[in-house]
Amino acid sequence: MALQEMTERLNAADEEVRRGAVAELARHPLSHALPLIFQAMGDVSWRVRKEAVEALFLGEEPGLEAVDGLIALLRSSDNAGLRNCAVESLERLGTIAVEPLCRHLNDRDPDLRKFVIDILGSIGSPSCLPLLVQAMDDPDPNVSVGAVENLGKLKDPRAVPYLVEALRNGDLWLKFTVLDALTAIGMPVPLEILAPLVHETLLKRAIFECLGVVGDADAAPLLIEGVQQGPRNAREAAAVGLMRLRGRLAAEVANDAIDAPLAALKGGSQVEGILSALEGAEDQEALVEILGLIGDERCVSRLVPLAGKEKVRAASLRALRRVGSAALPKLTTLFPEGSSEERSVIAYLFGELELHQTVPLLLVALDDGSPLVKASCLASLGRLHPEGGARKVARLLNDPDPEVRAGALEALHGFIGSEDGELSLICQELAGSGESSRRRDACRLLARLGDAERLSRLAKDEDPEVRRAALAAIGKGRLSEGTAILVMGLMDEEPEVRAAAAAALGEAGGAQGVEALILSLTDPDPWVQSACLKALAALADPAALPAVTATARSARGLPLIQALKTVAAIAGENGLGVVEEALADADEEVVEAALEILCAGDGSWIPRYQEILTGHPHWGVRRAFFRAVAQLMGVEAVPVLREAYAAESDSLVKGELEKLLGRVS
């Protein structure tokens with residue numbers, strides 16, 4: 001299409017016409033197309049502007065002419081979209097743009113100087129560091145602060161002396177930005193430089209965050225003091241900084257500098273202040289960790305509700321564990337009066353803290369109206385496994401709530417080794433139940449007890465679900481004497497049972513299982529075939545490779561996909577010939593599976609299949625192929641991807657190509 005015609009289309013009223021014209025620009029020499037690309041960057045439509053930025057990078061490599069033109073666009077104060085496109089393009093150009101940008105750091109326009117500084121910071125080239133340091137003294141405060149911010153982005157330790165000097169002479173806002181930059185760089189800074197700033201109220205948050213990253217053990221007292229007093233947001237920042245510092249120190253140093261001083265606060269009035277800081281704190285986790293290190297039982301009533309919140313659950317439970325048995329009086333007081341969620345947390349802690357004296361409370365609470373509480377009680381009883389408790393837990397196998405029933409079954413596992421005789425009787429009752437769900441429960445327990453004899457009987461149960469459960473239990477239990485039972489299961493009349501037997505053989509292992517699985521590759525049910533192939537992949541026995549390869553050449557659909565995966569699992573890169581053959585399969589899901597496997601190789605297959613896959617009728621295959629090309633070829637993929645972009649009609653695939661080109665260019 002001629003440039004004149006595209007110029008007309010770029011002025012059309014229809015957004016899609018203008019966007020299509022921009023896409024066409026990538027086919028023309030950049031020197032000719034550049035003015036039109038710049039025009040499109042100022043379009044009222046963000047879609048057209050986005051297409052213009054991509055057009056700049058899809059053709060030949062942009063040079064200095066493009067860089068200078070983009071810098072000029074930064075002066076377009078009346079068109080924010082145009083400036084944003086120029087900023088994005090200059091950042092993507094990277095190092096080629098650094099020198100031309102640096103030439104504008106003394107420009108008379110402070111807005112342009114600020115744009116240039118921000119772009120240099122995003123590019124991240126260390127060569128511009130001296131000029132950014134110089135810009136810290138810019139008469140325009142926005143420019144000087146921007147220089148400091150972007151020195152932080154560079155993360156170059158050479159900037160630290162200049163930033164430290166700015167702490168002595170700069171105004172409050174500049175100091176605040178300097179502290180953020182020092183935090184981003186992360187290089188140690190002597191405490192005597194930072195400590196005086198703690199007394200600046202407006203700098204407390206920034207200085208505490210900075211000390212957490214650049215301070216050493218000597219900074220711990222300042223942070224511990226900061227947690228106890230001052231504005232709430234400053235105390236929160238001190239807590240975060242203290243925990244970051246603790247994570248950076250060696251364990252012994254952290255214990256002496258942080259853990260021991262915090263533990264010394266136990267019983268003191270400071271604990272109440274830290275507890276009050278929890279209210280409304282954005283980052284409660286650090287404060288909770290500190291309360292745990294203090295270990296004061298007064299925090300228990302505050303930590304129990306927090307343990308029900310996903311974001312701080314782990315930290316709250318760690319803190320309550322540190323309080324340990326000292327928490328018992330408060331926990332037992334809170335247990336009967338708390339919400340169901342709080343009682344659930346407390347019941348869990350009884351077991352987690354191994355508080356055996358709470359067993360009577362837990363047993364009574366098995367009749368609680370809340371399934372959540374009952375499930376937590378069961379988990380703790382399974383951990384504490386009190387004498388005679390197995391039978392009391394087993395009665396909840398009949399609870400109407402499925403999670404409680406599952407919790408009871410899991411809790412019974414905790415009694416293995418201490419009440420095996422009672423568990424055997426429970427299994428006998430379950431196995432003889434008229435309810436198939438109870439017989440399935442028996443299978444799981446029998447596996448943990450290693451009772452292959454009873455499992456073999458359940459593997460012949462009239463209910464196929466029970467047979468499946470028995471076979472799965474044998475596999476999970478890795479019961480060697482159960483292999484023969486699993487092999488028999490491969491001949492069951494129900495496909496679901498045969499598939500379960502195959503999966504169990506994959507877990508149990510052994511040469512006998514491999515032979516049986518190979519024979520079952522001819523099973524008429526595709527799900528069973530797939531289960532056998534998956535099991536053979538897990539076993540990775542080279543003896544199975546010929547049969548699996550033959551299956552890959554004769555199967556279709558799901559079994560073929562699994563056969564390809566199994567070949568790769570057994571043979572590795574040396575046996576991928578049959579996987580390459582699958583690239584010509586008519587099923588797009590098969591082709592995508594083959595591409596996923598081949599991505600682990602060296603890419604030597606790409607030239608042979610490039611034409612077929614680039615022109616494949618299914619968009620998903622084309623997208624998967626282009627991803628593989630980018631992954632395996634790196635920068636050498638650029639010509640292939642650019643050619644594909646020019647020919648591609650699907651918007652989703654074009655979008656993927658844009659991302660891939662941005663990644664490998």
Side-chain angles (χ1 to χ4, degrees), residues 266 271 275 278 284-285 288-289 291-399 401-419 422-423 426 448:
K266 182 177 180 178
V271 175
L275 284 169
L278 271 174
Q284 294 179 313
E285 186 173 358
V288 167
E289 293 281 8
L291 288 168
L293 290 167
I294 294 172
D296 194 304
E297 54 268 29
R298 283 176 291 173
C299 72
V300 172
S301 59
R302 301 292 294 278
L303 293 178
V304 167
L306 288 177
K309 295 182 178 180
E310 185 175 355
K311 190 174 180 180
V312 289
R313 178 179 296 131
S316 300
L317 291 175
R318 281 195 300 272
L320 287 162
R321 287 188 201 104
R322 289 193 180 110
V323 176
S325 58
L328 179 60
K330 192 64 178 175
L331 289 175
T332 52
T333 301
L334 290 172
F335 187 56
E337 60 191 40
S339 66
S340 59
E341 191 169 62
E342 290 170 353
R343 296 202 311 280
S344 172
V345 169
I346 295 170
Y348 170 81
L349 285 168
F350 286 159
E352 184 73 13
L353 299 176
E354 298 186 2
L355 300 174
H356 289 272
Q357 55 269 62
T358 65
V359 166
L361 281 174
L362 291 168
L363 291 172
V364 169
L366 289 179
D367 294 318
D368 195 278
S370 166
L372 193 64
V373 173
K374 287 195 280 190
S376 291
C377 290
L378 288 166
S380 288
L381 288 168
R383 182 183 287 269
L384 299 173
H385 48 83
E387 184 178 354
R391 179 58 65 176
K392 294 172 182 176
V393 166
R395 68 182 177 83
L396 270 77
L397 290 170
N398 296 314
D399 193 90
D401 188 276
E403 290 193 16
V404 173
R405 296 197 299 271
L409 187 61
E410 189 61 34
L412 287 173
H413 293 159
F415 292 86
I416 291 173
S418 63
E419 292 196 41
E422 187 63 40
L423 289 175
I426 291 169
R448 293 290 300 273

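- Annotation: E403, atom CD; neighbour count of heavy atoms from other residues, nucleotides and ligands within 6.0 Å does not exceed 12.
- Within the 4.5 Å cutoff, side-chain heavy atoms of L366 are placed close to those of L363.
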Determine all donor-acceptor pairs shorter than 3.5 Å in which one atom belongs to a side chain in residues 324-338; sequence neighbours excluded.
from, atom 1, to, atom 2, distance (Å)
T332, OG1, L328, O, 3.0
T332, OG1, P329, O, 2.9
T333, OG1, P329, O, 2.9

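- Residues meeting the side chain to side chain contact (heavy atoms under 4.5 Å, CB included) test with P386, sequence neighbours left out: V359, L381, L384, F415.
- Salt bridge present: D399 and K374 bring a charged side-chain N and a carboxylate O closer than 4.0 Å.
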| field | side chain to side chain contact (heavy atoms under 4.5 Å, CB included) assessment of E410 paired with L378 | value | CA-CA 8 Å; E410 189 61 34; L378 288 166; over 6 Å; no
Determine, step by step, whether I346 and V304 satisfy the side chain to side chain contact (heavy atoms under 4.5 Å, CB included) criterion, reporting the C-alpha distance in whole Å, the side-chain angles of both residues, the deciding distance to 0.1 Å, and the verdict.
CA-CA 7 Å; I346 295 170; V304 167; 3.8 Å; yes
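- Once rounded to the nearest 0.5 Å, the distance linking OG of S380 with NE2 of H385 reads 12.0 Å.
- We find the CG-NZ distance between L293 and K266 to be 12.5 Å, quoted to the nearest 0.5 Å.
- Summarising the geometry, atom SG belonging to C299 is positioned 8.0 Å from atom CD1 belonging to I294; distances are rounded to the nearest 0.5 Å.
- In this structure, CG on L303 lies 10.0 Å from CD on Q284, to the nearest 0.5 angstrom.
- Closest non-hydrogen pair, V373 versus S344, comes out as CG2-N, 4.0 Å.
- In this structure, T358 contributes its side chain and L361 its backbone to no donor-acceptor pair below 3.5 Å.
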Scan the side chains in residues 312-322 for donor-acceptor partners under 3.5 Å anywhere in the protein, sequence neighbours excluded, and list what turns up.
from, atom 1, to, atom 2, distance (Å)
R313, NE, A307, O, 3.2
R313, NH2, G308, O, 3.3
S316, OG, V312, O, 2.8
R318, NE, E289, OE2, 3.1
R318, NH2, E289, OE2, 2.3
R321, NE, E352, OE2, 2.6
R321, NH2, E352, OE2, 3.1
R322, NH1, E289, OE1, 3.3

Check your understanding: Given V323 and D296, is the side chain to side chain contact (heavy atoms under 4.5 Å, CB included) satisfied, shown in steps?
Key -> CA-CA 6 Å; V323 176; D296 194 304; over 6 Å; no
### Task
Show your working on side chain to side chain contact (heavy atoms under 4.5 Å, CB included) between L278 and R302 and close with a plain yes or no.
CA-CA 9 Å; L278 271 174; R302 301 292 294 278; 4.0 Å; yes
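- Without hydrogens or angle criteria, E422 side chain to E419 main chain gives no donor-acceptor distance under 3.5 Å.
- A distance of 8.5 Å separates CZ of F350 from SG of C377, quoted to the nearest 0.5 Å.
- H356 contributes atom NE2, which lies 10.0 Å from atom CZ of R383 (distance to the nearest 0.5 angstrom).
- P371 and V404 get closest at one heavy-atom pair: O-CG2, 3.6 Å.
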